Amino acid sequence: MIQRVSRASVTIDGAVQGAIGQGFLVLLGITEGDTTADAVYLADKTVKLRVFTDENDKMNRSLADVGGQLLIVSQFTLYGDCKKGNRPSFIAAARPDTAIPLYEAFIARCRESGLPVETGVFGADMQVELCNDGPVTLWMDTAQMR
C-alpha cells in the first residue's frame, strides 16, 4: 500500500524511529509465496511511480523528480481476511522467517535507487502518523501485476 504524503513518521516506545517529508509511506505486506524477485520488482516499481504533479497539474513526476523520500513500514495486517466472523485471520501473511528477508530486500532495493529511506522495525508495535497528500493511496500487488 503506497500513500503519497507531505509528511509521515513512525514512533516506537515514544521515540521517533523514522520520519520523512514529501514522499511515500509504504505499508509493506508480505504473503506466503512472495519471493525476492517480487520484492525487487515492487521496489523498482515504487521508486519509479509517477504520482506527483507536474507544471500542468498532471501526475507525471516520480520521487526522484520531486526530491521525495520513502518511509517503509511492515504491515502483516494487510493480509487480514475478514470473510468469516468478526476476527480477522492472518493465515495468508508470511511468517517472519520468510517475511523479514523480503522486507529487508525491498528496503535494500529502494536504497539502491539513491532515495532517502526511513523504516519502521519489523514486528514492533508502531504508531504511524501521516498527512496523505491528495489523498493518493495505491494498492500494488505483485500477484496482480505480472
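A quick note: this is a predicted structure, and the numbers were derived from the prediction, not measured.
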Participant: Looking at every non-hydrogen atom in both residues, tell me the closest pair between V73 and M126 and how far apart they are.
Facilitator: CG1-CE, 3.7 Å
Participant: Please assess F106 against T46 for the test side-chain contact (heavy atoms from CB on, under 4.5 Å), listing each intermediate value before the final yes or no.
Facilitator: CA-CA 10 Å; F106 180 87; T46 299; 4.0 Å; yes
Participant: Might you confirm whether atom CZ of R87 has over 12 heavy atoms from other residues, nucleotides or ligands at distances under 6.0 Å?
Facilitator: no
Participant: List for me each residue that meets side chain to side chain donor-acceptor pair (under 3.5 Å) alongside D81, sequence neighbours excluded, and say none if there are none.
Facilitator: none
Participant: Is the backbone of M59 close enough, under 3.5 Å, to the side chain of T53 for a donor and an acceptor to pair up by distance?
Facilitator: no
Participant: Would you say V51 and V117 are hydrophobically clustered, going by side-chain heavy atoms of ILVMFWY under 4.5 Å?
Facilitator: yes
Participant: Run the salt-bridge test on R111 and E104 with the 4.0 Å N-O cut-off and return the result as yes or no.
Facilitator: no
Participant: L28 and L78: which non-hydrogen atoms are nearest, and at how many Å?
Facilitator: C-CD1, 4.3 Å
Participant: Distance-only, no hydrogens or angles: does the D141 side chain make a donor-acceptor pair with backbone N or O of A143 under 3.5 Å?
Facilitator: yes
Participant: Can the ring centroids of F76 and F90 be said to lie less than 6.0 angstrom from one another?
Facilitator: yes
Participant: When you check the side-chain N and O atoms of D38 and T35, is any donor under 3.5 Å from an acceptor?
Facilitator: yes
Participant: If you count every heavy atom of other residues, nucleotides or ligands that lies below 6.0 Å from N86 atom CG, does the total exceed 12?
Facilitator: no
Participant: If you take all heavy atoms of E118 and Q17, which pair is closest and at what distance?
Facilitator: OE1-O, 4.0 Å
Participant: Closest heavy-atom contact between A8 and L25?
Facilitator: CB-CB, 4.4 Å
Participant: Does D133 pair with R4 as a salt bridge, N-O distance under 4.0 Å?
Facilitator: yes
Participant: Other residues, nucleotides and ligands only: do more than 12 of their heavy atoms fall within 6.0 Å of CG on D97?
Facilitator: yes
Participant: Just wondering, more than 12 heavy atoms not from E129 lying within 6.0 Å of its CD?
Facilitator: no
Participant: Would C131 and R7 count as a side-chain contact (heavy atoms from CB on, under 4.5 Å) here? Give the steps.
Facilitator: CA-CA 6 Å; C131 183; R7 61 179 158 65; 3.7 Å; yes
Participant: Would you say the side-chain atoms of D34 pair up with the backbone N or O of T31, donor to acceptor, closer than 3.5 Å?
Facilitator: yes
Participant: Is the distance between the ring centroids of F52 and F24 under 6.0 Å?
Facilitator: yes
Participant: Say whether L42 and L102 are linked into one hydrophobic cluster, either directly or through other cluster members, by side-chain heavy-atom distances under 4.5 angstrom.
Facilitator: yes
